[in-house]
Chemist: 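Below: one structure in structure tokens.
Worth saying up front: this structure is predicted, and the values here are computed from it rather than measured. So you know, we letter chains A, B, ... as the sequences are listed, proteins then strands, and number each from 1.
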There are 2 protein chains.
Amino acid sequence: MAEETVSLALTLKDIAREAGVSLATVDRVLHNRPGVRPDTVRRVQETIARNAFQPHVAAAELARGRARRFAFVMPSGPNPFMQQIEAYLGEMSAWLAARRLSVEMVTTDVFDPSVLAASLETLSGDYDGVAVVALDHPGVRAAINDLVEAGTKVVTLVSDVPSSRRHHYVGIDNIAAGRTAGALVGRLIGQKSGKVAIVAGSQGLRDHAERIFGFNQVMASEFPDLNVLPVLEGRDEDDRSEQLLSRLLGRHADIVGLYNVGAGTQGVASALSGAGREKQVVFVGHDVTALTRRLLLQGVMDAAISQNPGHEARAAVRVLLALARGEPILSEQEKIRIDIVMRDNLP
Amino acid sequence: MAEETVSLALTLKDIAREAGVSLATVDRVLHNRPGVRPDTVRRVQETIARNAFQPHVAAAELARGRARRFAFVMPSGPNPFMQQIEAYLGEMSAWLAARRLSVEMVTTDVFDPSVLAASLETLSGDYDGVAVVALDHPGVRAAINDLVEAGTKVVTLVSDVPSSRRHHYVGIDNIAAGRTAGALVGRLIGQKSGKVAIVAGSQGLRDHAERIFGFNQVMASEFPDLNVLPVLEGRDEDDRSEQLLSRLLGRHADIVGLYNVGAGTQGVASALSGAGREKQVVFVGHDVTALTRRLLLQGVMDAAISQNPGHEARAAVRVLLALARGEPILSEQEKIRIDIVMRDNLP
DNA sequence: GGTGTTTTGAGGTACGCAACTCATTTTGAG
DNA sequence: CTCAAAATGAGTTGCGTACCTCAAAACACC
């Protein structure tokens with residue numbers, strides 16, 4: 001039986017004593033306040049580093065006193081995935097309250113750059129942190145940069161704006177997600193050859209485009225016997241997706257695979273069932289919702305690629321909090337994984 | 001643009017005033033201290049509930065003063081999965097230090113019930129919480145119950161002892177994991193018929209037995225064309241696993257699937273490669289390690305069933321902390337998922 | 001050497017709660 | 001009604017940090 005300890009317990013007073021300065025000076029160094037000679041700064045910082053001193057978060061939080069306000073800017077309209085994120089934030093209410101954190105939902109039309117940018121501008125100054133489901137557009141980028149400039153911590157959620165100065169992105173790598181979908185469709189189809197259909201919301205959406213890109217990458221390089229048909233744009237609407245797919249199924253009797261990139265899942269499933277081909281076609285889609293769960297259990301869907309909405313919600317809050325406190329981020333913890341969900345590992 | 005708030009900010013003093021009692025009485029109620037009339041207790045509790053009051057964790061933590069000590073009881077010996085858990089605990093050191101938490105590793109022979117039970121007994125009283133990779137055995141169960149009796153919070157990790165009074169289990173449902181493996185092997189094999197091999201550490205290990213059970217369940221009900229061969233017991237050792245599997249591959253030319261339930265992965269892979277059949281056989285195993293990662297990228301392994309060791313480590317700490325503080329547990333957050341990892345969604 | 005400026009020390013207050021003491025009031029049993 | 005026990009009020013102290021003020025000391029410059 002072996003033991004190993006990972007612990008310590010120093011206070012600011014100890015650091016002050018060891019560095020041979022007063023508490024006030026340590027405080028000045030710790031918070032980058034002016035009025036300390038560079039030489040002294042170095043001495044204090046070395047003492048802190050040498051002792052691996054960590055301020056007691058609880059004490060710091062208590063002393064700071066101020067409650068923190070975060071805003072979540074989410075799409076308006078009935079998107080089940082976004083609703084799940086909101087639901088999980090609701091479940092955290094006790095956790096949030098115990099830390100005197102407030103999280104406010106701001107719904108807006110995230111697909112209209114100017115509206116989204118305007119929404120973001122109104123938040124400036126009022127919040128310590130903002131999580132935003134962002135569209136990658138110059139106006140949005142500028143709005144994000146303005147927020148950052150004003151000292152607000154900004155996290156992009158689900159959809160990134162890599163060229164902005166946002167502090168962190170909480171979401172998955174959509175190209176890898178598309179690749180995963182491609183590998184699944186190809187592998188589950190097996191030896192057969194035939195055609196593969198893709199239904200997306202719009203190829204103008206960054207995440208959809210990236211997923212399609214990854215999907216095609218894998219299909220081209222690894223499944224040459226499968227012929228990928230042109231993308232159907234269903235605008236994430238059930239009716240439209242169903243019509244488009246039904247027509248396609250009618251024209252091609254040898255469709256063996258189907259990748260649904262975005263929402264509109266009900267329409268896609270209806271088209272498949274309507275043609276009586278739900279058992280012959282390998283169907284891979286995204287996200288675990290009440291509907292996809294049912295489709296997986298019924299065997300209509302074969303796999304769902306999922307990014308855990310609960311994890312995303314919590315990760316966004318934790319990252320904002322860590323940023324606001326100046327704490328390090330546990331990057332491993334906050335990284336969102338690409339989950340493959342099949343019938344037997346449904347969460 | 002719509003808004004909705006989830007917040008509040010009361011203190012104990014407010015509760016005392018509203019309930020018409022003194023701070024001392026609220027404190028007594030809050031901590032189940034004696035000396036309060038049942039009637040008053042109820043009144044105070046109602047006030048707390050009505051206002052959804054949450055004590056400020058930072059203030060509580062600071063006032064309590066005492067640092068919390070947790071122990072992780074882990075298997076001795078070189079198990080990569082366990083080493084990963086330890087590594088992630090190490091990465092949390094700054095996080096832990098900032099909260100004045102200490103986590104101590106206690107390695108012991110978890111496969112010998114009496115040794116494990118003895119190890120657990122020695123911890124009594126010294127720790128606020130214990131996470132243990134447990135063997136399901138009456139002696140171990142009793143040791144766990146003793147710890148709980150003494151006020152220590154106990155969490156079982158990876159392997160559960162459901163009949164004990166442990167407060168929480170952090171790990172996956174191994175039957176479901178086996179089912180998932182079965183579905184993957186069956187689906188990835190496709191139309192073909194043939195034989196399927198299983199290599200396990202030992203059928204005496206609860207988690208291995210459960211996985212095999214789930215695997216067989218799915219094979220029997222859904223893949224009648226696949227013939228599951230008797231389980232090989234490789235004791236999680238590379239050499240032994242390789243020998244047994246090599247012999248089996250020699251005897252059966254029509255093996256199309258392989259499920260490696262535990263460790264010994266290197267041996268299993270060597271046997272496959274040695275027979276030159278790594279491309280013909282669908283190979284599903286467990287856990288993402290440096291080795292399985294390489295095998296997945298090479299196409300030798302087709303999928304790995306994984307329980308995120310980092311998540312398990314963090315979840316165990318968070319659950320112990322929440323239990324110690326008397327906070328609610330975010331069950332959704334702490335639930336460990338069964339991850340399906342293929343080449344394109346390698347974390 | 002004197003001036004003004006920068007740096008440092010010393011100390012206080014506040015944050016919200018835990019944990020404790022001690023005095024006072026209320027209650028219930030006889 | 002009496003008296004002990006139970007219940008409650010009032011108050012104190014301390015946790016470790018943030019943030020502030022004011023005075024003293026050190027320093028730079030001419």
Chemist: Could you state the CZ-P distance from Arg37(A) to dT5(C), rounded to the nearest angstrom?
Modeler: 18 Å
Chemist: Choose from dA19(C), dA18(D), dT17(D) the nucleotide whose nearest atom is closest to any side-chain atom of Asp27(B).
Modeler: dA19(C)
Chemist: To the nearest Å, give me how far apart CZ (Arg17(B)) and C1' (dA10(D)) are.
Modeler: 16 Å
Chemist: Closest approach to the side chain of Leu12(A), judged atom by atom: which nucleotide of dT17(D), dG9(D), dG11(C) is it?
Modeler: dT17(D)
Chemist: Does any non-hydrogen side-chain atom of Val73(B) lie less than 4.5 Å from one of Leu123(B)?
Modeler: yes
Chemist: Round to the nearest Å and state the distance from Leu23(A) atom CG to dT17(D) atom C1'.
Modeler: 9 Å
Chemist: Looking at Arg68(B) and Glu61(B), does any basic side-chain N land under 4.0 Å from a carboxylate oxygen?
Modeler: yes
Chemist: Is Asp126(B) paired with Arg69(B) through a side-chain N to carboxylate O contact shorter than 4.0 Å?
Modeler: no
Chemist: Taking Glu332(B) first and then Arg314(A), would you say they form a salt bridge - that is, a charged N and a carboxylate O separated by under 4.0 Å?
Modeler: no
Chemist: Can you measure Arg33(B) atom CZ to dA7(D) atom C1' for me and round it to whole angstrom units?
Modeler: 15 Å
Chemist: Figure out the CG/C1' separation between Asp14(B) and dC17(C), and round it to whole Å.
Modeler: 13 Å
Chemist: Residues of residues 56-64 of chain A with any non-hydrogen atom less than 4.0 angstrom from an atom of DNA chain C: list those, numerically ordered, please.
Modeler: Leu62(A), Ala63(A)
Chemist: Only pairs at least two apart or in different chains count here, so list each salt bridge (Lys or Arg N to Asp or Glu O under 4.0 Å) that has a residue in residues 148-157 of chain B.
Modeler: Glu149(B)-Arg165(B)
Chemist: From the options dC22(C), dA18(C), dC27(D), select the nucleotide whose nearest atom is closest to the side chain of Arg28(B).
Modeler: dC22(C)
Chemist: Could you check which of dT17(D), dT7(C), dC17(C) has an atom nearest any side-chain atom of Pro55(A)?
Modeler: dT17(D)
Chemist: Tell me which nucleotide, if any, is Watson-Crick or G-U wobble paired with dG14(D) when both distances must be under 3.5 Å.
Modeler: dC17(C)
Chemist: Between Thr25(A) and dT7(C), does any side-chain N or O lie under 4.0 Å from OP1 or OP2?
Modeler: no
Chemist: How long is the line joining CD of Gln54(B) and P of dC17(C), in whole Å?
Modeler: 11 Å
Chemist: What nucleotide among dA19(C), dG16(C), dT21(D) has an atom nearest to a side-chain atom of Thr11(B)?
Modeler: dG16(C)
Chemist: Taking only side-chain N and O atoms of Thr40(B), does any of them lie within less than 4.0 angstrom of OP1 or OP2 on dT8(D)?
Modeler: yes
Chemist: Will you find, in the side chains of Thr108(B) and Ser119(B), an N or O donor that is under 3.5 Å from an N or O acceptor?
Modeler: yes
Chemist: Taking atom P of dG9(D) as reference, at what distance in whole Å does atom CZ of Arg43(B) sit?
Modeler: 8 Å
Chemist: Without decimals, in angstroms, what is the distance between Arg325(A) CZ and dT17(D) P?
Modeler: 14 Å
Chemist: Mind checking what makes side-chain contact (heavy atoms from CB on, under 4.5 Å) contact with Ala315(B), not counting sequence neighbours?
Modeler: Val170(B), His311(B), Arg318(B), Glu334(B), Ile336(B)
Chemist: By nearest nucleotide on DNA chain D, pick out whichever of Ala24(A) and Val21(B) is the more 5' one.
Modeler: Val21(B)
